[in-house]
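Report on one structure; see the data block that follows.
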Amino acid sequence: MDITHLTDSLNTPQREAVCASPCHQLILAGAGSGKTRVLVHRIAYLIQVQGVAPNQIMAVTFTNKAAREMRERLQQLLGDVGGPNRFSGLWVGTFHGIAHRLLKMHWREAKLPENFQILDSDDQLRVIKRVYQALQIDEKRWPHRQAQYFINGSKDEGLRAQHIQDSHDPYTTTMKMIYSAYEEACQNSGLVDFAELLLRSHELWLSSPELLKHYQDRFVHLLVDEFQDTNSVQYAWLRVLAGNACWVTGVGDDDQSIYGWRGAKIENIQQFEKDFSNTAVTKLEQNYRSTNTILSAANAVIQNNNSRLGKQLWTEDGDGDPIDLYSAFNEQDEARYIAECIEQWQKEGNSLASSAVLYRSNAQSRVLEETFLREGIAYRIYGGQRFYERMEIKNALAYVRLVLNRHDDPAFERVINTPTRGIGEKSLEALRLTAREQGCSLFDAAAALLANNVLPARAANCIKAFLALLDELQGGIDSLGLAEQVEYVINASGLYEFHQKEKGERGQARIENLQELVNACRAFNAEDADRAPIAEFVDNAALGSGEQQADEYQDAVQMMTLHSAKGLEFPLVFIAGVEENLFPHKMSADSAEGLEEERRLCYVGITRAMKKLVLTHAESRRLYGSETYNPLSRFIREIPEKCIQEVRLKAVVTRPANVANVRKDNALKAAYSDEGDGEFKLGQRVAHAKFGEGVILQFEGRGPGARVNVAFTDAGSKWLMMQYAKLQAVER
DNA sequence: TCATTATAGCGCTGT
DNA sequence: GCTATAATGA
């Protein structure tokens with residue numbers, strides 16, 4: 001058989017991995033070394049050359065994005081070979097998605113109600129808060145977040161509350177108590193959080209040997225992407241499923257392990273070779289993505305980490321452009337510089353979508369966003385406040401969830417008084433109390449209280465009306481299509497009207513989001529014929545796989561955190577806020593492991609860039625309300641000097657830059673051309689009678705009508721008319 | 001008793 | 001900045 005289409009485009013180590021005879025494989029693939037390509041070609045090879053049936057293969061990823069990409073690339077490779085269903089039965093999905101699928105199919109064995117719902121971390125926190133109330137725990141002494149962290153951390157390690165060692169310290173005792181009550185609350189309401197999906201499906205293997213046997217017999221090849229991100233439960237889950245007769249392929253890069261805080265264990269890579277005998281190890285070190293300069297920087301940075309398996313990326317590509325380093329006065333100036341560079345990039349004939357701005361924390365996106373908006377640069381933000389996490393969307397979905405499962409307490413609490421219908425804290429407290437005493441759901445409690453006639457008339461009427469509404473919703477969605485169902489729920493619940501009455505642009509935005517939700521329903525393709533599409537839609541929303549937004553195809557600058565950039569590549573990459581306390585983040589600075597993880601994150605960021613990398617930092621930054629002055633990130637000093645060129649505005653070069661070549665590139669000409677009037681320059685420190693001292697960021701126009709943008713120390717940044725502002729130059 | 005409005009406290013990364 | 005609580009008004 002002709003297999004050139006599978007091997008043509010591969011280098012020697014890649015080809016060896018793809019064409020290996022059945023065996024356990026560990027592929028250590030550096031950034032940009034063609035990891036996904038190898039994985040996809042390997043699957044195609046198994047099917048087309050080794051005759052493995054598609055339904056004997058499972059491929060697991062971490063993000064929905066990666067799963068989607070793998071599916072698409074498989075389709076490209078195999079699509080025309082054997083008709084549309086050529087690889088039906090092949091399982092491609094995220095750990096969470098596959099675990100969810102298993103639990104849905106085997107809910108009885110997993111001891112879950114058939115219509116169990118997924119809890120996102122927001123919902124989870126709500127449940128925890130309710131547990132605090134029930135147990136009368138002081139949230140001042142034990143912050144809610146701490147309990148959430150404890151619960152998730154325990155689950156990631158495969159530990160139930162009962163497995164937590166009893167000890168005499170109050171911390172463990174309290175946490176164990178909370179964990180235990182939380183488990184009970186979830187079980188009673190049929191709720192499953194993210195970590196629970198994994199833990200539960202692992203327990204499913206252990207408690208149902210015949211079920212496990214079925215899947216062990218079925219899957220002959222197990223392929224796992226981003227292996228360095230697996231946590232203890234995921235690894236245990238894999239090992240059990242693999243059994244003794246399954247070939248496991250792990251693909252990963254220890255240098256890109258950035259989810260330690262979520263329980264990921266790099267050690268799993270080392271453990272792999274011990275647990276699966278005769279593992280063939282392949283290293284992919286040739287990089288096809290970046291210039292030599294970018295790779296040198298990445299290699300130099302990551303070399304400062306101690307615990308590494310050891311890899312050195314190389315490329316046949318030339319040196320390319322140096323890495324630019326821009327020192328901004330503040331975050332406004334930083335954003336302005338980035339916007340200018342992007343405009344220049346676009347003028348040179350590049351698309352906006354070929355550029356990306358990466359940052360350590362989502363809070364940084366706001367200033368960038370405002371600047372892009374002002375400059376008319378289209379942008380698209382990934383992550384941050386996600387669509388399905390918006391309040392109005394969660395409210396709408398809560399109604400849907402209640403229709404599907406009335407015992408879903410978090411959903412019940414969320415909407416019982418949204419829109420306001422006269423059921424306040426007092427009534428709710430009565431419901432909670434009954435639910436707690438009876439060990440039943442809030443819904444049952446409401447019904448019971450009404451039946452017993454123990455509520456004040458007014459509250460009783462309101463609750464009665466709410467329950468009637470639920471009935472009405474349930475009746476109303478029969479025989480409607482998915483989108484119409486959701487539309488109906490939004491209208492009949494009064495949510496639409498509620499948000500319409502909200503003042504300001506906020507309400508308008510929420511209405512638009514709700515409409516967007518209906519659109520998303522319309523575009524949704526249900527896959528599981530056995531389930532109501534609406535139920536599947538809600539689960540999908542909770543698992544975050546509906547992440548596509550409306551403007552997906554618009555040409556726009558891509559903005560995201562460094563974490564969510566993993567696996568992506570862009571010709572032009574900005575990393576903003578390369579400062580101590582921000583990157584590396586101050587929360588990670590006190591531990592060696594924390595710092596090494598930050599460094600790996602930096603490595604991930606650098607290696608996203610194909611042609612050009614720009615690093616920016618701000619000398620002063622307004623963060624969380626107060627002004628901060630952060631020194632340059634240590635990571636910058638770890639990059640060889642020859643790779644970097646410092647870009648500074650002429651106006652503020654008061655001391656010689658310590659890097660040889662200070663460049664006057666095209667992007668900066670725009671800045672030079674508007675140098676302003678006479679004594680005032682960009683970066684000039686000025687004083688204003690009312691606003692105090694500040695720094696000039698930008699000029700617009702000339703003569704008496706000219707305007708100037710000044711970032712004031714106390715008053716924030718303002719646009720002022722030159723002729724009225726009466727600015728005084730301040731000598732530094 | 002509930003709804004609305006003003007103020008204090010807290011903040012990383014994400015399935 | 002946003003959310004959770006406290007104080008105020010209906």
Side-chain angles (χ1 to χ4, degrees), chain A residues 60-67 93-100 118-122 124-126 129 139-140 143-145 148-149 152 155-156 192-198 226 229-231 233-234 257-264 358-367 370 382-386 388-391 417-430 455-459 462 501-503 506 539-545 547 560-566 577 581-589 594 597-598 600-602 604-605 622-626 628 716:
Chain A
V60 195
T61 65
F62 273 81
T63 63
N64 295 300
K65 221 188 301 177
T94 64
F95 272 105
H96 292 88
I98 288 175
H100 175 249
I118 300 169
L119 221 52
D120 70 16
S121 43
D122 221 51
Q124 183 181 39
L125 206 57
R126 279 167 191 270
K129 284 178 186 167
E139 81 257 33
K140 293 265 167 22
H144 296 130
R145 296 242 163 223
Q148 188 180 30
Y149 185 80
N152 289 336
K155 288 189 179 184
D156 286 343
V192 175
D193 62 47
F194 288 128
E196 182 78 20
L197 286 169
L198 303 169
E226 307 282 14
D229 289 337
T230 51
N231 65 28
V233 189
Q234 288 162 336
S257 163
I258 54 176
Y259 288 106
W261 51 275
R262 217 169 65 186
L358 313 181
Y359 34 80
R360 175 66 232 270
S361 77
N362 284 308
Q364 287 169 258
S365 72
R366 177 169 253 102
V367 179
E370 284 164 1
Y382 288 82
Q385 169 72 283
R386 266 186 273 286
Y388 288 104
E389 281 166 13
R390 282 163 211 254
M391 187 191 28
N417 204 31
T418 315
T420 48
R421 52 171 69 83
I423 304 171
E425 205 42 47
K426 207 82 184 174
S427 312
L428 200 56
E429 198 43 58
L455 288 168
R458 191 181 150 140
C462 294
K501 270 193 258 167
E502 232 174 344
K503 45 183 171 281
R506 218 192 172 86
D539 289 339
N540 256 293
L543 284 170
S545 44
E547 195 39 66
M560 66 195 83
T561 61
L562 287 151
H563 280 90
S564 43
K566 186 152 72 116
N581 299 323
L582 194 60
F583 189 33
H585 198 275
K586 60 174 180 296
M587 304 294 234
S588 315
E597 183 149 312
E598 294 282 321
R600 291 192 292 269
L601 191 56
C602 183
V604 167
R622 218 183 156 72
L623 204 58
Y624 307 137
S626 57
T628 53

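Throughout, a chain's letter reflects where its sequence line sits, starting with A, and its residues are numbered from 1. Source: prediction; values computed, not measured.
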>> When you measure from the side-chain N and O atoms of A/R366 to the phosphate of C/dC2, is any distance below 4.0 Å, counting only OP1 and OP2?
In response: yes

> Quick one: A/R458 CZ to B/dC2 P, roughly how many Å, whole number?
Replying inline: 7 Å

>> Heavy atoms only, 4.0 Å cut-off, all strands: where does A/N417 land among base, sugar-phosphate and nothing?
In response: sugar-phosphate

>> Tell me whether the NZ or CZ atom of A/K65 lies within the 45° cone about the ring axis of A/Y382 and under 6.0 Å from its centre.
In response: yes

>> Run the side-chain hydrogen bond (donor to acceptor under 3.5 Å, both in side chains) test against A/E597 and tell me which residues pass, sequence neighbours left out.
In response: A/R600

> Does the A/H96 side chain pair with the main chain of A/L197, one donor and one acceptor, at a distance under 3.5 Å?
Replying inline: no

> In whole Å, what is the span from the CD atom of A/E425 to the C1' atom of C/dA7?
Replying inline: 16 Å

>> Tell me the interatomic distance from A/D122, atom CG, to C/dT3, atom P, rounded to whole angstroms.
In response: 9 Å

> With sugar-phosphate meaning primed atoms plus P, OP1 and OP2, does A/K65 contact a base, only sugar-phosphate, or nothing at under 4.0 Å between heavy atoms?
Replying inline: nothing

>> Before you tell me yes or no, could you show the steps for A/E139 and A/K129 under side chain to side chain contact (heavy atoms under 4.5 Å, CB included), namely the whole-Å CA-CA distance, both residues' side-chain angles and the distance that decides it to 0.1 Å?
In response: CA-CA 9 Å; A/E139 81 257 33; A/K129 284 178 186 167; over 6 Å; no

> Rounded to the nearest Å, what distance is computed from the CG atom of residue A/L428 to the P atom of nucleotide C/dA4?
Replying inline: 14 Å

> Stepwise, does the side chain to side chain contact (heavy atoms under 4.5 Å, CB included) test hold for A/F194 with A/R262?
Replying inline: CA-CA 11 Å; A/F194 288 128; A/R262 217 169 65 186; over 6 Å; no

> Would a 4.5 Å heavy-atom cut-off, applied to side chains only, mark A/F95 and A/T230 as touching?
Replying inline: yes

>> Walk along nucleotides 9-15 of chain B from 5' to 3' and tag each nucleotide B, S or - by protein heavy-atom contact under 4.0 Å, base first, then sugar-phosphate.
In response: --BBBBB

